[in-house]
Amino acid sequence: VPEESTRRGISRGELFKIAGATGAGIVLGGVGTRAVASTARGDAGSVPFFGIHQAGIDTPLQQNMLFAAFDLTTDDVSKVRKLLREWTAAAVLMCEGREVGETDVNAYLPPEDTGEALGMGSSRLTLTFGFGSTLFEQEGGEDRFGLRASKPEALVDIPPMPGEEMEPERSGGDLCVQACAEDKQVAFHAIRNLTRISRGIATIRWSQVGFGPRYQKRLLLTKETPRNLFGFKDGTNNLNIEDEEKMARHVWVDSADDQAWMGGGTYVVARRIRMLVEVWDRSSLRDQEQSIGRVKISGAPIGSENEFDPVDLAAKGDDGRPLAPPDSHVRLSQEGGEKILRRGYSFTDGVDLTRGQLEAGLFFVCFQRDPQKQFVPLQRRLAQNDALNEYILHTGSAVFACPPGAREGGYVGETLFDRA
Ligand code: HEM
């Protein structure tokens, strides 16, 4: 029989005690109010589940992601509320690196926790929950749960855009859970156990695995920008998660915006974007840089030396042409002034047999206060003119309202469901 402390894992309170006692202290301020505790087990630390905002949004990027969308199979709102309570309880435990229930109590029953994350710690796991438009109103207009009056105006699916090949089986969903962790197996364990708990109430609709470069842990300290699968630094001009004023302006919903229950929440847009790497790899370095509008190795704007030099859209080269070409990704992304918090991951899903190509790309995830005012106009400009369109293909799309963070003793979605 394993020792009690390893069997039930170590609580967050204990972690802080250990961290204090060993002098390891709290290694990172994280962002805002969210601290990251270093553990005595050589773990990557844990990110608190409770807070004003859900974790996994203003949390420094972990290395791995598993995103899952669920469909509800019940018409009973009290069952949905019960599921969210149970998901919250399980999420709290898993984010502390603990198992969801006993693993070795009754030899005649399936163990409660599935076991594959035993002894791995929290691995900076975050679980972020969201509600799709179909939770409030089904496609035929049906008000299954009596939630229609609470549907935020901002929660509308992204309209079709030119050039995309959407697959319904990779789009939409009543609920979503984004699991991010340093370790892939910890993220998998979390989604698997939440799926197990949802049995009889919800079924999994689609999921997407995402990864980032291994040096991401170092990035937390050095703030070096990771590269995407086109080999370009991606995130240079992203919103700064430490800039609370900008986060409040562009990411967090104010309770006066629309539906009061969304105050402190945000909207996530997820797009599965294939990157046609074979086509990209046959294009010249010049074409690649002109398409993005930045220098590949340094990440600097064309004509500048350093990655973080500002992009000057008015700057012209010796030939009188703009340094950031009219159809470059950077110019088009910046032109309308919309700001979003990008938090995407690379993916590879085997081979596209019809094209005989790698099925790889970017699982683009972004957070914003109102997708209708931010993502939609931005993506409309890109879909029409972006030079990158020759090399990419959007194949999945979903929008979810992420409610505010849960308070200790409460549950995710409480501000919505306690009114229903
Ligand atoms: C596979 C698809 C995509 C790739 C490879 C890609 C790549 C990049 C790269 C390399 C940069 C420059 C570095 C940076 O500032 O982060 C960038 C910037 C940016 N991208 Fe994308 N991107 C993709 C899709 C999108 C989509 C779908 C959107 C939104 C609809 C978007 C919005 C932005 C924005 C807002 C910026 C910052 C522009 C600025 O203010 O300078 N990107 N992207």
Side-chain angles (χ1 to χ4, degrees), residues 61 158-159 161-166 208 210 212 219 223-241 246 250-251 267-277 279-281 283 288-302 304 306-313 315 323-325 327-348 358-368 371-399:
L61 204 65
I158 306 302
M161 302 273 181
E164 59 192 25
E165 283 181 22
M166 286 302 166
Q208 182 66 54
L219 296 182
K223 303 257 156 86
E224 210 174 297
T225 313
R227 289 180 190 272
N228 62 29
L229 298 185
F230 284 162
F232 275 74
K233 293 190 175 184
D234 198 336
T236 305
N237 223 355
N238 204 358
L239 270 184
N240 179 359
I241 51 177
K246 286 215 171 103
H250 304 294
V251 177
Y267 297 89
V268 63
V269 175
R271 304 280 284 188
R272 184 177 183 274
I273 310 178
R274 282 275 307 273
M275 290 161 72
L276 310 176
V277 290
V279 184
W280 180 258
D281 296 345
S283 71
Q288 295 184 3
E289 293 183 337
Q290 294 282 309
S291 300
I292 298 286
R294 283 183 178 272
V295 180
K296 188 165 189 177
I297 301 304
S298 66
I302 294 174
S304 297
N306 303 309
E307 181 189 351
F308 292 98
D309 289 347
V311 180
D312 180 359
L313 294 182
L323 287 174
D327 62 352
S328 63
H329 183 70
V330 159
R331 173 182 292 276
L332 292 167
S333 306
Q334 221 176 77
E335 232 166 34
E338 306 91 355
K339 300 269 180 243
I340 53 175
L341 175 66
R342 289 173 283 144
R343 207 177 185 284
Y345 286 85
S346 297
F347 72 82
T348 173
L358 278 170
E359 172 98 26
L362 173 67
F363 189 67
F364 182 90
V365 175
C366 69
F367 295 92
Q368 64 247 279
Q372 300 303 308
K373 294 187 182 140
Q374 291 163 276
F375 180 85
V376 169
L378 177 53
Q379 175 55 26
R380 193 161 272 140
R381 270 199 318 281
L382 293 176
Q384 274 160 4
N385 290 319
D386 193 354
L388 273 190
N389 292 341
E390 202 180 320
Y391 310 102
I392 63 174
L393 187 61
H394 289 236
T395 61
S397 180
V399 185

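Atoms within each ligand, like the ligands themselves, are counted from 1 in listed order. Everything quoted here is computed from the prediction, not taken from an experiment.
Under a 4.0 Å criterion applied to the non-hydrogen atoms of Ile392, ligand 1 contributes the atoms 1 (C). The contact set between ligand 1 and Phe232, taken as ligand atoms under 4.0 Å from a residue heavy atom, comprises 10 (C). Short contacts between ligand 1 and Asn228, defined as distances under 4.0 Å to a heavy atom of the residue, involve ligand atoms 5 (C), 7 (C), 10 (C). Interface of Phe375 with ligand 1, defined as ligand atoms under 4.0 Å from a residue heavy atom, comprises 30 (C). The distance from ligand 1 to the heavy atoms of Phe230 drops below 4.0 Å at these ligand atoms: 5 (C). Near Lys233, the atoms of ligand 1 lying under 4.0 angstrom from a non-hydrogen atom of the residue are 10 (C), 13 (C). In the vicinity of Met275, heavy-atom distances shorter than 4.0 Å reach the ligand 1 atoms 1 (C), 5 (C). Contact atoms of ligand 1 toward Leu362: 1 (C), 2 (C), 3 (C) (distance under 4.0 Å to a heavy atom of the residue).
Polar contact with ligand 1: absent for Gln379 (N/O pair, distance under 3.5 Å). For the pair Gln334 and ligand 1, the shortest N or O to N or O distance falls below 3.5 Å. Backbone and side-chain nitrogen or oxygen atoms of Ile292 are examined, and none is located within less than 3.5 angstrom of a nitrogen or oxygen of ligand 1.
Remark: the backbone N or O of Leu393 is not paired with any side-chain donor or acceptor of Glu164 at under 3.5 angstrom. A donor-acceptor contact shorter than 3.5 Å links the side chain of Asn228 to the backbone of Phe230. Remark: side-chain polar atoms of Gln379 are not paired, donor with acceptor, to backbone N or O of Val376 under 3.5 angstrom. With hydrogens and angles disregarded, no donor-acceptor distance shorter than 3.5 Å links the side chain of Asn385 to the backbone of Leu382. For Gln374 (side chain) and His250 (main-chain N/O), a donor-acceptor pair under 3.5 Å exists by modelled atom type.
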- Message: Between Phe375 and Ile158, does the side-chain contact (heavy atoms from CB on, under 4.5 Å) criterion hold? Intermediate values first, please.
- Response: CA-CA 9 Å; Phe375 180 85; Ile158 306 302; 3.7 Å; yes

- For Val269 and Gln368, what are the C-alpha separation, side-chain angles and deciding distance, and is it a side-chain contact (heavy atoms from CB on, under 4.5 Å)? CA-CA 8 Å; Val269 175; Gln368 64 247 279; 3.4 Å; yes

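A salt bridge (Lys or Arg N to Asp or Glu O under 4.0 Å) check over residues 334-348, counting only residues at least two apart or in different chains, returns the pairs Asp234-Arg342, Glu338-Arg381. Applying the side chain to side chain donor-acceptor pair (under 3.5 Å) test to pairs two or more places apart or on separate chains, those with a residue in residues 388-397 are Arg271-His394, Arg271-Ser397, Arg272-Thr395.
Here the CG atom belonging to Leu378 is positioned 11.0 Å from the CD atom belonging to Gln334, to the nearest 0.5 angstrom.
Atom 14 (C) of ligand 1 has Thr236 N, 3.3 Å as its closest protein atom, hydrogens excluded (heavy atom only). At the top of the distance list for atom 16 (O) of ligand 1, counting protein heavy atoms only, stands Gly235 N, 2.5 Å.
Inter-residue side-chain proximity for Phe347 and Gln208 is flagged as met; some heavy-atom pair is nearer than 4.5 Å.
Judged by distance alone, the side chains of Glu307 and Ser298 never bring a donor and an acceptor atom under 3.5 Å apart.
Across all non-hydrogen atoms, the minimal contact from Ile340 to Asn238 is O-OD1, 3.5 Å.
With a cut-off of 2.8 Å, the protein N/O/S atoms near atom 21 (Fe) of ligand 1 add up to 1.
For Arg294, every heavy-atom contact with ligand 1 shorter than 4.0 Å involves the side chain, none the backbone. Contact annotation for Asn237 and ligand 1: heavy atoms of both the backbone and the side chain come within less than 4.0 Å of the ligand.
Partners of His329 according to the side-chain hydrogen bond (donor to acceptor under 3.5 Å, both in side chains) rule, which considers only residues two or more places apart in sequence or in another chain, are Asp386.
Residue Gly361 places no heavy atom under 4.0 Å from ligand 1.
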